[in-house]
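Here's the structure we're looking at; comments come further down.
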Amino acid sequence: LGELTGLIDLRSAEVNFLDPICGVVHEETCFDLLAPFVTMFVCQHVLDAPAINPSTSTVLNRALDRLLASSTFRPTASRAGELRGSSMHELAQWLMFVGFGNASLAHRFSNGDWSEIASILPIVDRFVRTAGWAPTVMENFLTLSERAREHFPADAFADAILAALSGTSDPGARWRGTLIASRIALRVQEMADRAAPLYVGLGRKFLRILDTLVDQGDRRSAALQVGPTFRDLRAMDTHEQRSSAISLLR
């Protein structure tokens, strides 16, 4: 069905395949159907196709809608953020485009060529902004950004991380005990080095991320803050704050 969906009229595929599958109330059964559907669709119509299928956005957003509707992604639910069952994990990986290994004969992504990453960023961005507070989702996002490091836009990365950090009242609380904070800091460092000299807007986004991670006790973030890349930017911010305060006093 996943392969067939990219070959027929999209509306017909929605009515006959997606609606019934996503309409299954029992989550385990639903994801047992939806995960292989998405896997085959992505393989056939994204990774191996000469051009990405025009129906990709609609199909994957429908699948993401169903996944995000799970009680797992209600922050106040019992065991919130914990993905249950292999199918749920598989679906989350493929919707973040990290479910596959290396395939040199593919047309994109799994062959190591991420130059077309802009085509999948909208669904990735929506996923991590909505559910990035869940450790598995954030880990998958970081894996994607690591694999696509040469092509992943720094601003898109920073905005997504900031949105995920503001998604709960205790930013990063569910990340404790993981390597997520250190991995984020490492990506910030790599992106900052690649973009050097940093323009002020991006630099300030990175500093906001580092500030939050430092509050969580991440040593890499603390060391990065006082490094040469961000030291001058922080000094600039302090100077601007001081100038603003003087203007207000006048």
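Source: prediction; values computed, not measured.
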(Q) Closer than 4.0 angstrom, basic N to acidic O: yes or no for Arg108 and Asp48? (A) no

(Q) Taking CZ in Arg149 as the centre, count heavy atoms belonging to other residues, nucleotides or ligands within less than 6.0 Å. Is the count above 12? (A) yes

(Q) Within the supplied structure, the quantity of interest is the number of heavy atoms (other residues, nucleotides, ligands) at a distance under 6.0 Å from Glu28 CD; does it exceed 12? (A) no

Q) Do any N or O atoms from the side chain of Thr56 and from the backbone of Ile52 form a donor-acceptor pair under 3.5 angstrom? A) no

Q.
Check the orientation of Phe100 and Trp114. Use parallel for under 30°, tilted for 30 to 60°, and perpendicular for over 60°.
A. parallel

Q) Has the side chain of Ser110 got a donor or acceptor atom that lies under 3.5 Å from a matching backbone atom of Ala106? A) no

Q. Are any side-chain N or O atoms of Asp113 and backbone N or O atoms of Phe109, one a donor and one an acceptor, separated by less than 3.5 Å?
A. no

Identify every side-chain donor-acceptor pair in residues 180-187 under 3.5 Å, counting partners at least two apart or on other chains, and give the distances.
residue : atom : partner : partner atom : Å
Ser182  : OG   : Asp218  : OD1          : 3.0
Arg183  : NE   : Glu146  : OE2          : 3.1
Arg183  : NH2  : Thr143  : OG1          : 3.1
Arg183  : NH2  : Glu146  : OE1          : 3.0
Arg183  : NH2  : Glu146  : OE2          : 3.2
Arg187  : NE   : Ser145  : OG           : 3.4
Arg187  : NH1  : Glu190  : OE1          : 2.3
Arg187  : NH2  : Ser145  : O            : 3.2

Q: Search all heavy atoms of Met96 against all heavy atoms of Phe127 and return the closest pair with its distance.
A: CE-CD2, 3.5 Å

Q) Would a distance-only check, ignoring hydrogens and angles, find a side-chain to backbone donor-acceptor pair under 3.5 Å from Asn61 to Ser57? A) yes

Q. Passes side chain to side chain donor-acceptor pair (under 3.5 Å), Glu90 versus Thr39? Steps please.
A. CA-CA 8 Å; Glu90 180 185 348; Thr39 298; 2.9 Å; yes

Q: Would you check, one step at a time, whether the test side chain to side chain contact (heavy atoms under 4.5 Å, CB included) holds for Gln189 with Phe206?
A: CA-CA 9 Å; Gln189 182 176 9; Phe206 281 159; over 6 Å; no

Q) Is it the case that one hydrophobic cluster holds both Phe141 and Leu179, taking links as side-chain heavy atoms less than 4.5 Å apart, direct or via other members? A) no

Q. So does Asp193 have more than 12 non-hydrogen atoms from other groups sitting under 6.0 Å from CG?
A. yes

Q. Does any donor atom in the side chain of Asn53 or Gln44 lie under 3.5 Å from an acceptor atom in the other side chain?
A. no

Q: Keeping the roles fixed (side chain from Trp94, backbone from Ala35), state whether a donor-acceptor pair exists under 3.5 Å.
A: no

Q) For atom CZ of Arg129, is the number of surrounding heavy atoms from other residues, nucleotides or ligands below 6.0 Å larger than 12? A) yes

